[in-house]
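For this chain, numbers begin at 1 and follow the sequence in order.
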Amino acid sequence: YGMVLGIAFQLRDDYLGVFGDWKLLGKSTLDDMREGKNTILFHKTLQLSKGKDSALLLKVWGNRKSGEKNLFEVRRIMERVGADKWSLEQMKKLSDESKKTTGRIVADLKLRNILFQIADFVISRDK
């Protein structure tokens, strides 16, 4: 339960680092891109992109001098190639997978329901 949900948590964290609301996060969503955080979302985007998009990703990601225009284009590339949707789908699959294990962890339905709520929260949190 915990290991699978931990991966979903990290995917959500990476997703929020690009697509989250900076007001809720308390930091710019462009920071992770400028820092070049080695995220699954970035690698999936790179895997799905081609040509000029790939070149721009490699040029901008991790470049602390990248301007907002280029960083917003990276976000658009993620959306265009479907990496953002892929990430959301993976989060859902992992959350569902973690829920399937709760029967082996605890028999009490109230406690199992709490574990379900935690799994749902992990992939839907805003910060």
Side-chain angles (χ1 to χ4, degrees):
Y1 174 87
M3 288 182 67
V4 172
L5 198 54
I7 296 168
F9 180 92
Q10 188 59 55
L11 281 170
R12 184 65 181 176
D13 197 60
D14 297 343
Y15 182 88
L16 290 173
V18 175
F19 295 101
D21 182 337
W22 66 270
K23 291 177 186 173
L24 291 174
L25 296 173
K27 68 173 190 163
S28 170
T29 55
L30 305 179
D31 289 348
D32 285 356
M33 290 187 271
R34 279 194 184 111
E35 291 173 22
K37 289 206 175 170
N38 205 4
T39 68
I40 295 171
L41 177 60
F42 170 72
H43 285 285
K44 188 63 176 180
T45 305
L46 198 54
Q47 178 187 33
L48 295 171
S49 64
K50 294 179 174 66
K52 291 180 183 178
D53 286 347
S54 293
L56 182 68
L57 288 169
L58 293 171
K59 176 184 172 189
V60 172
W61 198 267
N63 182 346
R64 293 193 181 274
K65 296 180 183 180
S66 294
E68 285 188 7
K69 181 180 175 186
N70 283 337
L71 293 168
F72 284 120
E73 183 58 28
V74 166
R75 188 185 296 175
R76 284 189 288 275
I77 292 168
M78 289 178 168
E79 293 171 327
R80 189 167 46 248
V81 301
D84 60 330
K85 288 181 182 144
W86 176 88
S87 185
L88 293 170
E89 290 166 3
Q90 293 306 305
M91 286 180 238
K92 176 73 170 120
K93 285 179 186 178
L94 290 164
S95 176
D96 290 345
E97 186 179 330
S98 71
K99 289 176 183 179
K100 289 177 186 175
T101 67
T102 59
R104 294 190 305 255
I105 298 170
V106 64
D108 184 291
L109 293 179
K110 287 182 182 180
L111 294 175
R112 199 179 300 173
N113 187 44
I114 291 170
L115 293 174
F116 272 51
Q117 290 174 17
I118 292 169
D120 289 337
F121 171 76
V122 161
I123 65 167
S124 64
R125 65 191 176 87
D126 293 328
K127 55 182 177 175

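- Using a 4.5 Å heavy-atom cutoff, the side chains of Phe42 and Met33 are not in contact.
- The side chain to side chain contact (heavy atoms under 4.5 Å, CB included) check on Gln117 picks up Asn113, with sequence neighbours excluded.
- In this structure, OG in Ser49 is found 4.5 Å from CG in Leu57, a value given to the nearest 0.5 Å.
- Among residues two or more places apart in sequence or in another chain, the side chain to side chain contact (heavy atoms under 4.5 Å, CB included) test is passed with Glu97 by Val4, Leu94.
- Of the charged side-chain nitrogens involved, none lies within less than 4.0 Å of a carboxylate oxygen, so that Lys100 and Asp96 do not count as a salt-bridged pair.
- In this structure, Lys85 has no salt bridge (charged side-chain N to carboxylate O under 4.0 Å, His left out) partners at least two apart in sequence or on a different chain.
- Note that OG of Ser28 and CH2 of Trp22 are 8.5 Å apart. Values are rounded to the nearest 0.5 Å.
- For Arg34 (side chain) and Ser66 (main-chain N/O), a donor-acceptor pair under 3.5 Å exists by modelled atom type.
- A side-chain N or O of Arg75 and one of Thr29 form a donor-acceptor pair less than 3.5 Å apart.
- Residues passing the side-chain hydrogen bond (donor to acceptor under 3.5 Å, both in side chains) test with Thr102: none are found, sequence neighbours excluded.
- Scanning for side-chain hydrogen bond (donor to acceptor under 3.5 Å, both in side chains) contacts around Lys59 gives an empty result, with sequence neighbours left out.
- Evaluation of the side-chain hydrogen bond (donor to acceptor under 3.5 Å, both in side chains) rule for Asn38 yields His43 as partners, not counting sequence neighbours.
- Taking Asp53 as the reference, Arg80 meet the salt bridge (charged side-chain N to carboxylate O under 4.0 Å, His left out) condition, with sequence neighbours excluded.
- In this structure, Leu5 is not a member of the same hydrophobic cluster as Phe121, with clusters built from ILVMFWY side-chain heavy atoms closer than 4.5 Å.
- Distance alone, capped at 3.5 Å, is enough to place a donor-acceptor pair between the Arg112 side chain and the Val106 backbone.
- When the side chain to side chain contact (heavy atoms under 4.5 Å, CB included) test is applied to Lys37, the partners found at least two apart in sequence or on another chain are Lys27, Asp32, Glu35, Thr39.
- Residues satisfying the side-chain hydrogen bond (donor to acceptor under 3.5 Å, both in side chains) test with Gln10, not counting sequence neighbours, are Asp14.
- Side-chain atoms of Leu11 and Tyr15, non-hydrogen and from C-beta on, never get closer than 4.5 Å to each other.
- Among residues at least two apart or in separate chains, there is no salt bridge (charged side-chain N to carboxylate O under 4.0 Å, His left out) pair with a member in residues 38-49.
- Atoms CZ and CG, from Arg125 and Asp120 in turn, are 14.0 Å apart once rounded to the nearest 0.5 Å.
- Panel note: side chain Ser87, backbone Asp84; no donor-acceptor pair is recorded below 3.5 Å.
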Before you tell me yes or no, could you show the steps for Lys99 and Leu115 under side-chain contact (heavy atoms from CB on, under 4.5 Å), namely the whole-Å CA-CA distance, both residues' side-chain angles and the distance that decides it to 0.1 Å? CA-CA 7 Å; Lys99 289 176 183 179; Leu115 293 174; over 6 Å; no
Stepwise side-chain contact (heavy atoms from CB on, under 4.5 Å) check, Trp86 with Ile40: CA-CA 10 Å; Trp86 176 88; Ile40 295 171; 3.7 Å; yes
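- Residue Ser95 holds its OG atom at 9.0 Å from CZ of Phe116, rounded to the nearest 0.5 Å.
- Atom CG of Asp108 is separated from atom CD1 of Ile114 by 8.0 Å, given to the nearest 0.5 angstrom.
- With sequence neighbours excluded, the residues satisfying side chain to side chain contact (heavy atoms under 4.5 Å, CB included) with Leu56 are Val60, Asn70, Glu73, Ile77.
- Interatomic distance, OG of Ser124 versus CG of Leu88, reported as 11.5 Å (0.5 Å rounding).
- Hydrophobic cluster of Leu25: the remaining members, joined at side-chain heavy-atom separations below 4.5 Å, are Leu16, listed by chain and number.
- Proximity of Met91 to Phe9: side-chain heavy atoms (C-beta onward) are nowhere separated by under 4.5 Å.
- Across every non-hydrogen atom of Ala83 and Thr45, the tightest pair is CB-OG1, 3.1 Å.
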Can you check side-chain contact (heavy atoms from CB on, under 4.5 Å) on Lys127 and Asp21, steps first, answer last? CA-CA 8 Å; Lys127 55 182 177 175; Asp21 182 337; over 6 Å; no
What verdict does the side-chain contact (heavy atoms from CB on, under 4.5 Å) test give for Leu30 and Phe72, after you've listed the backbone C-alpha separation in whole Å, the side-chain angles of each residue and the deciding distance to 0.1 Å? CA-CA 8 Å; Leu30 305 179; Phe72 284 120; 4.1 Å; yes
